[in-house]
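Sequential numbering from 1 along the given sequence is applied to the chain's residues. All values below come from the heavy atoms of this structure, side chains included, with hydrogens, waters and symmetry mates left out.
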Amino acid sequence: MAASVSLPHSQPEPPAGLVYSRESFADVPLPEHAAAYPEFRYMGSKHRLLPWLHGVLRGLPFETAADPFAGSGCVAYLLKAMGKRVVASDFLNFPAVIAAGTIVNNHHQLDGPALSALLKKRRKGPNFIEKTFEGIFFSTGDLRFLDRVTANLELLPHPHQQDLARAALIRSCLKKQPRGVFTVSGDLSRYDDGRRDLRLTLEEHFLEQSAAFNQVIFDNGRQHTAKRADVFSLRPRGIDLVYLDPPYVPRADDNCYMKRYHFLEGLSCYWKGQTIMEDTKVKKIEKPYTPFSYRRTAVDAFDKLFRLYRESIIVLSYSSNGFPDREELEGLLRRYKTSVTAYERPHRYHFGTHQAVERATVNEYLIVGR
Ligand SMILES: C[S@@+](CC[C@H](N)C(=O)[O-])C[C@H]1O[C@@H](n2cnc3c(N)ncnc32)[C@H](O)[C@@H]1O
């Protein structure tokens, strides 16, 4: 366990049972494999915080870990790389698909025959993506490629290979889309700063991403699960440790994942069962409700979340620009846990919004309840 460090005198003394630490764990190497996980340009991704997270997690006693807000999957993958059994979920489909392809999948890569099958030309194939998104996102050639490759997924013999191919496609689209968000559309030449990612075709991206995602496949000797589920629909059993990284209510703008990533959500299931809002410029999908998005419901949602996982060690990621604040969250956690340790470090998030690419420096917290 990390040594705890006192905060400067200007800070109030922590309440009894609460410990603060600014340990950086800079010298602790990441486990083999963990560093290979591709970074997704995803709002709130903890990819760059993985060494710090690993430093905290490695001191805790657990074999089975849940990540019910899996997002880009990098933390769930770190847990797999640490040798744990992983239960990953998210209320959006595409994070569940990424986790199925990279974490549940212990063996299946995109080998030569798989890639030939995926790239095969079709005489007559579906053209839903081209029809729906022509003039909105990507070039016609790119949209046709997405129609073709997703139709060819059924030619792959194993569902995990299909999930891995979808993960590679999702990252390709994120790299090629200016700012990595699907809120901007039409003539995007104003964002063209000559970057290679904007110049490659989606097919070229996909070939590169297939090679990158092949590197992440390994077997840690355990069976993992990934599914699409709202956290409050889960009935956790036998989870030694839960990593909680819900969205926080931001001071400005919003935290809607569907608004930014609806195209990836649709792509992950070829828009089957999704309701497109036809009157929107970018053909958005209706957003699912989450209580973590609103001030009036967030505090209750955290209380409910901690109660749901009261039998597990709770590791909560949080940041200083969120609501409720850290003290309130610690108070809620202490309803269910006798010992609470708060780790803190500065962090810079980069993410695109309508207005500009925001660069926010915040304090990132890991609050561990046992
Ligand atoms: C901050 S992100 C997680 C980032 C992730 N840890 C990573 O490093 O990429 C929060 C995630 O919570 C998901 N989410 C929001 N509300 C949810 C709910 N009620 N149940 C399950 N997932 C939810 C979002 O889809 C999003 O992927």
Output yes when a side-chain donor or acceptor of H47 lies under 3.5 Å from a complementary backbone atom of Y42, and no otherwise.
no
Answer yes when E364 and R48 have at least one side-chain N-carboxylate O distance shorter than 4.0 Å, and no when they do not.
no
Determine, for E265 against K287, whether the closest basic-nitrogen to carboxylate-oxygen distance falls under 4.0 angstrom.
no
Cluster overlap I129 with M277, hydrophobic side-chain contacts below 4.5 Å:
no
Nearest heavy atoms of Y261 and G180, plus distance in Å
CE2-O, 3.4 Å
N/O donor-acceptor pair under 3.5 Å between T150 side chain and D147 backbone
yes
Please check if the side chain of N220 supplies one atom and the backbone of K84 the other of a donor-acceptor pair under 3.5 Å.
yes
Can you tell me how far the NE2 atom of H160 sits from the CD1 atom of I103, to the nearest 0.5 Å?
11.0 Å
Do R235 and L308 have side chains that approach each other closer than 4.5 Å (heavy atoms only, starting at C-beta)?
yes
Quick check: closest heavy atoms across G55 and R58, and the distance to 0.1 Å?
O-CG, 3.3 Å
Under 3.5 Å, side chain of Y309 to main-chain N/O of A66, donor-acceptor pair present?
no
Between atom CD of Q177 and atom OG of S185, what is the distance when rounded to the nearest 0.5 Å?
8.5 Å
Taking every non-hydrogen atom, the tightest pair across G194 and R199
CA-NH2, 3.6 Å
V181, L198: one ILVMFWY side-chain cluster at the under-4.5 Å cut-off?
no
Side-chain heavy atoms under 4.5 angstrom apart, residues restricted to Ile, Leu, Val, Met, Phe, Trp, Tyr: same cluster for V104 and F91?
no
Nearest-0.5 Å distance, CZ of residue F40 to SG of residue C74:
9.0 Å
Compare all side-chain heavy atoms of S139 with those of L202 and state whether any distance is below 4.5 angstrom.
no
Just list the side-chain donor-acceptor pairs under 3.5 Å for residues 106-120, sequence neighbours left out, or say none.
unit_1	atom_1	unit_2	atom_2	d
N106	OD1	K80	NZ	2.9
N106	ND2	R222	O	3.2
H108	NE2	H158	NE2	3.3
Q109	NE2	N214	O	2.8
D111	OD1	A114	N	3.0
S116	OG	G112	O	3.0

Other than L155, which residues form its hydrophobic cluster under the rule that side-chain heavy atoms must be closer than 4.5 Å?
none
Exam field: side chain K227 to backbone A96, donor-acceptor pair closer than 3.5 Å:
no
Heavy-atom nearest pair, K281 first then I136, reads O-CD1, 3.4 Å
Nearest-0.5 Å distance, OG of residue S72 to CG of residue L174:
10.0 Å
Any side-chain heavy atom of F182 sitting closer than 4.5 Å to one from V282?
no
Exceeds 12 heavy-atom contacts within 6.0 angstrom, atom CG of D27:
no
Which is it for T140 and E130 under the side-chain hydrogen bond (donor to acceptor under 3.5 Å, both in side chains) test, yes or no, and what are the steps along the way?
CA-CA 7 Å; T140 309; E130 181 186 350; 5.6 Å; no
Flag for Y365-S320: side-chain donor and acceptor within less than 3.5 Å
no
Would a distance-only check, ignoring hydrogens and angles, find a side-chain to backbone donor-acceptor pair under 3.5 Å from Q162 to L156?
yes
K175 and E204: CA distance, side-chain angles, deciding distance, salt bridge (charged side-chain N to carboxylate O under 4.0 Å, His left out) verdict:
CA-CA 11 Å; K175 281 172 99 53; E204 288 165 336; over 6 Å; no
Can we call the ring centroids of Y336 and F306 under 6.0 Å apart?
no
Smallest separation among heavy atoms of A88 and A76, with atom names:
CB-CB, 4.2 Å
If only atom types and distance count, is the side chain of K283 paired as donor or acceptor with the main-chain N or O of E278 below 3.5 Å?
yes
Side chain proximity check, P61 to R370, heavy atoms < 4.5 angstrom
yes
Decide side-chain contact (heavy atoms from CB on, under 4.5 Å) for K259 and T183; before the verdict, give the C-alpha distance in whole Å, the side-chain angles of both, and the deciding distance to 0.1 Å.
CA-CA 7 Å; K259 177 174 112 181; T183 51; 3.9 Å; yes
Got a donor-acceptor contact below 3.5 angstrom from the S233 side chain to the D230 backbone?
yes
Just one of L267, L264, L169 clears the side chain to side chain contact (heavy atoms under 4.5 Å, CB included) bar with F94, so which one?
L264
Is there a side-chain contact (heavy atoms from CB on, under 4.5 Å) between Y77 and V216 once you walk through the steps?
CA-CA 9 Å; Y77 187 81; V216 308; 3.5 Å; yes
After noting the C-alpha distance and the side-chain angles of L57 and H54, does the key distance pass the side-chain contact (heavy atoms from CB on, under 4.5 Å) rule?
CA-CA 5 Å; L57 291 169; H54 171 242; 5.6 Å; no
Check whether any side-chain heavy atom of T201 sits under 4.5 Å from a side-chain heavy atom of F145, and report yes or no.
no
Just checking Q223: does its CD atom have more than 12 heavy atoms from other residues, nucleotides or ligands closer to it than 6.0 angstrom?
no
Can you measure from OG (S317) to NE2 (H347) and round to the nearest 0.5 angstrom?
9.5 Å
Could you check whether any side-chain heavy atom of R144 comes within less than 4.5 Å of a side-chain heavy atom of R148, counting everything from C-beta outward?
no
Quick one: do F69 and V242 satisfy side-chain contact (heavy atoms from CB on, under 4.5 Å)? Show the steps, please.
CA-CA 10 Å; F69 302 93; V242 66; over 6 Å; no
So that I can tick it off, tell me whether E344 and R22 are bridged by a salt bridge, with the cut-off set at under 4.0 angstrom between side-chain N and carboxylate O.
yes
Consider only side-chain heavy atoms of I, L, V, M, F, W and Y, link residues closer than 4.5 Å, and tell whether F137 and L200 are in one cluster.
no
Mind checking the OG1-CG spacing from T338 to L333? Nearest 0.5 Å is all I need.
10.0 Å
Is there a chain of hydrophobic side chains (I, L, V, M, F, W, Y, each step under 4.5 Å between heavy atoms) that links V97 to L164?
no
Checking Y270 side chain against A151 main chain: does a donor-acceptor pair fall under 3.5 Å?
no
Which atom pair, heavy atoms only, marks the closest approach of N105 to I217?
ND2-CD1, 3.5 Å
Checking F302 against Y318 for the ring-ring contact (aromatic ring centres under 6.0 Å, His included) test, could you report, in this order, the C-alpha distance in whole Å, the side-chain angles of both residues, the deciding distance, and whether it holds?
CA-CA 12 Å; F302 276 102; Y318 211 62; 5.8 Å; yes
Can you check whether L60 reaches V315 side chain to side chain, under 4.5 Å on heavy atoms?
yes
So, H205 side chain and D197 main chain: donor-acceptor pair closer than 3.5 Å or not?
yes
If we only count heavy atoms from C-beta on, is the V231 to L305 side-chain gap below 4.5 Å?
yes
Below 3.5 Å, can you tabulate the donor-acceptor pairs from side chains in residues 289-301 to any protein atom, sequence neighbours excluded?
unit_1	atom_1	unit_2	atom_2	d
S293	OG	N255	OD1	2.9
T297	OG1	P291	O	2.8
T297	OG1	Y294	O	3.3

